[in-house]
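Each remark here refers to the structure printed beneath this line.
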Amino acid sequence: MQVKTTLKQWITQNQFVRNYKRMWPFVKPYWGRAVLGVLLTIPVGSLDAVIAMFLKPFMDNVMVEKQPRFSMAIPFLIVGFTVVQGVLNYASNYMNTWVGNKITIGIKRKLFDKLLTMDTSYFDKNSSGVIVFRYSNDAEQASNSLINNLKMFLSKVFSSISLVVVLFYNSWQLAFIAILVLGAAFFPLQLVRKKMKEIMEKTVVSGARIVTIYNETFAGNKTIHSFTLEDQQRQRFKDVTDWTFTLAMNMVKGTNWLSPVMHIIMSIGVALVIGFGSFLIVSGRITSGNFVAFIAALMMLYTPMKSVGNNFVQIQQSFLAIDRIFDILNLQPQIKQKPDAKELKEIKDGIRFEDVHFRYTKDKEVLKGINLEIKVGETVALVGNSGGGKTTISSLIPRLYDIQSGHIRIDGTDVRDLTLSSLRHNIAMVFQDNFLFAGTVRENVLLGNPSVTDEEIWQALKSACLDEFVRGLPKQLDTEIGERGILLSGGQKQRLAIARAFVKNAPVVILDEATSALDNKSEKVVQEAIDNLMKNRTVIVIAHRLSTVQNAHKIVVINDGQIAEMGTHEELLDKQGAYYTLYASQFKKKAS
């Protein structure tokens, strides 16, 4: 019982065993080929001993006894075995590369699935560099290193076993010396393991920062040029790369002494074997053939150990990548769907906020007791000072974030009791900066509803005041718009996003500062498209320009996370309160 418990603890604590056990679900679909690739490493490693084994008869029969028949046969046999080993090595490399790439794809898909489940707050806290590095680079490093290290490990194990057999066959006395020296060589590895982990964790951070800078330079190239930020960006990149260089050199200082130490230890082993071997030859206990075969096997056994420092670094990098992968896979999104969640099929009455409190961080409350009713068919405008909580209110309805207390109900049902897909299916959102995907006009419109026909797409584009522009494009619906819609103007991007909302045909529409970034001419066209979208729908409008919301059924003034006042445009002007102040301020500026 004690032995069983000890074995279980060893398996749990052993880093090598634990990581391969965790990776098994990704290996399982390809286990047949994986096993074949592993089995091929057995003869590849074992055949190392054949050459050393043949040196004894060659030495004794050719070099000492001058027998000619051995002088021709043994070289051909050595070449033959080497050819066989080369063919098996090629087959093993091909099979292991195939399996390794399949595992990489499996891990990336699993990580991407996890990424899609993460809520908006997760992306608020992590940079694009961290996402790319941890969700892509780690998968490649983990799987490729996993296969390569397993192949190397098994090949060297079987090679070592066969070579040790050759050692004992030729001289058990010399074999004991060789094995003792080999065991001593593993001790230095434990000294660098902790230091390596610390440096590697910092290296991941530096690598992520480099990716972030690249992404920011790509996405913000206009800002960089217009504000002449080239020198600043260059300095940022220099600082990060200098840090990366320092970490790399720290890794070299912390680990590269392993190889020279291994060389010294191995040379001591060879020196002891040569010294004691000479005595054994002179005393007649072993032949010259025994000694030459022993030395050849010993060099084959010792040579890989000289570079073990580099291999050890690679193995640790792969193990740390596996740890990071499973840290991600074990993450739980903050926004979860209840097992018994209900489907939201239609909205009959409306949306109600009941004493809603919300904070992004623990130390600052953004919404403080919001009570608001939005009836079906109403247009409700949220206005107020920047940072007051308007966008936050709109983000809480589709559960991009979850509230800390209170309730948001649709037809009396808390949104947390609804399925996420049905809730979000009933809401279309048009933002100030709408994200367009690389691809065609058609593909971006179809994101709203993949099942619509071309006729319905053209109708959506017409309602969005974009059909004439698209008909004038070289390939019309199949025209590429570039990454993030870079080939379109600001107004065209907004209208394409509105067309996407049209084909979604959701009963609730949220417009978040949809025209604030446009010039007057573009704003007029986009506003016409928005007016078309708002017909016969429940609409929440977040607006800075009060001229666009004067006809709303209800205007809600949000200041510092609280509702300051509420009413129609005329009612709020009569009150001469917060809305009146905002209105007077804007139109005074306009008049001046």
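What you are looking at is a predicted structure, and each value in this text was computed from that prediction instead of being measured. All values below were derived from every heavy atom in this structure, side-chain atoms included, with hydrogens, water molecules and symmetry-related copies excluded.
Looking only at side-chain heavy atoms (C-beta outward), Val541 and Asp512 stay at 4.5 Å or farther from each other. Using a 4.5 Å heavy-atom threshold, the side chains of Ile210 and Thr241 count as touching. Residues Met118 and Leu331 meet the side-chain proximity criterion, which asks for heavy atoms closer than 4.5 Å. Side-chain contact between Arg409 and Val415 is absent, with no heavy-atom pair separated by less than 4.5 Å. In this structure, the side chains of Ile457 and Val452 come closer than 4.5 Å at one or more pairs of heavy atoms. Glu443 has its side chain out of reach of Leu447: every pair of non-hydrogen atoms, C-beta onward, lies at least 4.5 Å apart. Using a 4.5 Å cut-off on side-chain heavy atoms (C-beta onward), Lys375 and Ile351 make no contact. Contact check for Trp243 versus Arg209: side-chain heavy atoms found under the 4.5 Å cut-off.
Listed here is the closest heavy atom pair of Leu372 and Ile563: CB-CD1, 4.3 Å.
For Phe245, there are no ring-ring contact (aromatic ring centres under 6.0 Å, His included) partners at least two apart in sequence or on another chain. Scanning for salt bridge (Lys or Arg N to Asp or Glu O under 4.0 Å) contacts around Glu373 gives Arg352, with sequence neighbours left out.
Asp355 CG to Asn371 CG: the interatomic distance, rounded to the nearest 0.5 Å, is 5.5 Å. Residue Ile393 holds its CD1 atom at 9.0 Å from CD1 of Ile408, rounded to the nearest 0.5 Å. Atom OG in Ser395 sits 5.5 Å away from atom OH in Tyr360 (nearest 0.5 Å). In this structure, the separation between OG on Ser394 and CD1 on Ile542 is 3.5 Å, given to the nearest 0.5 Å.
The backbone N or O of Gly369 sits nowhere less than 3.5 Å from a side-chain atom of Gln562 that would complete a donor-acceptor pair. No side-chain donor-acceptor contact under 3.5 Å links Asp349 to the backbone of Val376. Formation of a donor-acceptor pair under 3.5 Å by the Thr479 side chain with backbone atoms of Leu473 is not found in this model. A donor-acceptor pair under 3.5 Å is formed between the side chain of Arg537 and the backbone N or O of Ala506.
Remark: Lys110 NZ is loosely packed, at most 12 non-hydrogen atoms of other residues, nucleotides or ligands lying under 6.0 Å away. Other residues, nucleotides and ligands place more than 12 heavy atoms under 6.0 Å from the NZ atom of Lys114.
Between Arg234 and Asp231 there is a salt bridge, since a side-chain N of the basic residue sits under 4.0 Å from a carboxylate O of the acidic one. For Asp113 and Arg109, the salt-bridge test fails: no basic side-chain N is under 4.0 Å from an acidic carboxylate O.
The aromatic ring centroids of Tyr579 and His569 lie less than 6.0 Å from each other.
Between the side chains of Asn126 and Tyr135, no donor-acceptor pair is found at a separation under 3.5 Å.
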Exercise. Passes side chain to side chain contact (heavy atoms under 4.5 Å, CB included), Leu382 versus Val556? Steps please.
Worked result: CA-CA 5 Å; Leu382 305 180; Val556 183; 3.8 Å; yes

For this session: Check step by step if side-chain hydrogen bond (donor to acceptor under 3.5 Å, both in side chains) holds for Ser422 and Thr419.
Result: CA-CA 6 Å; Ser422 69; Thr419 63; 2.4 Å; yes

For this session: List the steps, then state whether side-chain hydrogen bond (donor to acceptor under 3.5 Å, both in side chains) holds for Asp363 with Thr361.
Result: CA-CA 6 Å; Asp363 56 343; Thr361 57; 2.8 Å; yes

Problem set entry | Intermediate values then yes/no, side-chain hydrogen bond (donor to acceptor under 3.5 Å, both in side chains), Asp478 and Thr440 | CA-CA 5 Å; Asp478 295 313; Thr440 64; 4.7 Å; no

Problem set entry | Derivation and outcome, side-chain hydrogen bond (donor to acceptor under 3.5 Å, both in side chains), residues Asp124 and Tyr401 | CA-CA 11 Å; Asp124 293 341; Tyr401 301 92; 2.6 Å; yes

Problem set entry | side chain to side chain contact (heavy atoms under 4.5 Å, CB included) assessment of Asn385 paired with Leu582 | CA-CA 8 Å; Asn385 296 327; Leu582 282 172; 3.7 Å; yes

For this session: Please test Asp242 against Lys238 for side chain to side chain contact (heavy atoms under 4.5 Å, CB included), starting from the C-alpha separation and ending with a verdict.
Result: CA-CA 6 Å; Asp242 283 347; Lys238 180 181 181 299; 2.9 Å; yes

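The list of side chain to side chain donor-acceptor pair (under 3.5 Å) pairs with a residue in residues 449-458, not counting sequence neighbours, reads Arg442-Asp454, Asn449-Ser451, Thr453-Glu456.
Asp414 pairs with exactly one of His407, Lys342, Lys338, Glu354 by the side-chain contact (heavy atoms from CB on, under 4.5 Å) rule, that one being His407.
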